[in-house]
Amino acid sequence: MKWFAGIAFATSLIVMPAVAHAESAPIDTKVEIQKIATEWMNAYNKKDAATIGQIYTDDAIFSNPGWTASGRAAIQESLGKEFAADIFKYTSITVDQSQRVGDLNYSQGTWTADMKGPDGKNLPVNGHWLIVSKCQGQKCLALIHNGNVAMPPPK
């Protein structure tokens with residue numbers, strides 16, 4: 001009986017670290033985040049700030065070259081102002097990497113859009129984005145969203 005207790009104890013020393021590692025090992029969430037990114041783009045192009053706002057936590061921070069807003073309400077208000085200017089229409093948002101570790105999800109990728117130039121003609125623009133999301137169960141909401149615009153090459 002002592003040998004059984006010894007084997008059970010030894011097995012627990014092997015299994016417990018493996019289970020702990022499995023719980024903290026990164027989980028690839030690229031497919032799920034690509035779906036959310038596409039929903040974000042579609043809502044943006046429809047000028048639907050309320051739908052976009054539901055993707056963020058109440059205390060989220062959204063920062064891009066034109067503005068920075070803290071909190072879901074401020075993000076929706078800033079998006080409303082951006083929509084009124086009618087400058088951007090996204091043509092693609094791509095998730096390059098996304099993984100969840102514990103209750104945080106890290107994702108990053110690229111975007112392309114048409115932007116109205118000073119002459120009213122559309123110019124193709126692109127950039128990168130990075131989002132850190134806070135997760136509870138299977139639901140993750142954006143906590144930090146940072147986007148940039150690629151600068152044109154110097155002439």
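In this chain, numbering begins with 1 at the start of the sequence shown.
Taking the side chain as every heavy atom from C-beta outward, F62 and T68 never approach each other to under 4.5 Å. Contact annotation: the side chain of W129 approaches that of V95 to within less than 4.5 Å [non-hydrogen atoms, C-beta and beyond]. Counting heavy atoms from C-beta on, the side chains of P26 and R100 never come closer than 4.5 Å.
Atom CG of D59 and atom OG of S70 lie 9.0 Å apart (nearest 0.5 Å). Atom CD1 in I55 sits 6.5 Å away from atom CD in E39 (nearest 0.5 Å). Here the CD-CD1 distance, from Q108 to I33, works out to 12.0 Å after rounding to the nearest 0.5 Å.
The two residues E32 and D28 make their nearest non-hydrogen contact at OE1-O, 4.1 Å. Of all the heavy atoms in D119 and K121, the pair that sits closest is OD1-N, 3.0 Å. Minimum interatomic distance between A49 and L79 (heavy atoms only, all atoms of both residues): CB-CB, 4.1 Å. Across S133 and I131, no two heavy atoms sit closer than the pair OG-CG2, 3.5 Å. Of all heavy-atom pairs between S98 and N105, the closest is OG-ND2, 3.0 Å.
A continuous path of hydrophobic side-chain contacts links I75 to M41 [ILVMFWY only; heavy atoms under 4.5 Å].
Under the 3.5 Å distance criterion, the side-chain polar atoms of R72 are left unmatched by any main-chain donor or acceptor of A74.
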Begin from the C-alpha positions of D114 and L123 and carry the test side-chain contact (heavy atoms from CB on, under 4.5 Å) through to its verdict.
-> CA-CA 5 Å; D114 289 327; L123 304 168; over 6 Å; no
Step by step, work out the side-chain contact (heavy atoms from CB on, under 4.5 Å) result for K134 and D103.
-> CA-CA 6 Å; K134 178 88 170 149; D103 64 352; 2.7 Å; yes
Stepwise, does the side-chain contact (heavy atoms from CB on, under 4.5 Å) test hold for T110 with N126?
-> CA-CA 7 Å; T110 57; N126 63 76; over 6 Å; no
Can you list the steps and then say if I52 with Q76 is a side-chain contact (heavy atoms from CB on, under 4.5 Å)?
-> CA-CA 8 Å; I52 293 173; Q76 289 173 299; over 6 Å; no
Please tabulate, for the side chains in residues 81-94, all donor-acceptor contacts under 3.5 angstrom to protein atoms that are two or more places apart in sequence or on a different chain.
| unit_1 | atom_1 | unit_2 | atom_2 | d |
| --- | --- | --- | --- | --- |
| E82 | OE1 | W67 | NE1 | 2.5 |
| E82 | OE2 | Y44 | OH | 2.3 |
| D86 | OD1 | K47 | NZ | 2.9 |
| D86 | OD2 | K116 | NZ | 3.3 |
| T91 | OG1 | T112 | O | 3.2 |
| T91 | OG1 | T112 | OG1 | 2.6 |
| S92 | OG | T112 | OG1 | 2.6 |

Show which side-chain atoms of residues 136-150 pair as donor or acceptor with protein atoms under 3.5 Å away, not counting sequence neighbours.
| unit_1 | atom_1 | unit_2 | atom_2 | d |
| --- | --- | --- | --- | --- |
| H145 | ND1 | Y56 | OH | 2.6 |
| N148 | OD1 | H128 | N | 2.8 |

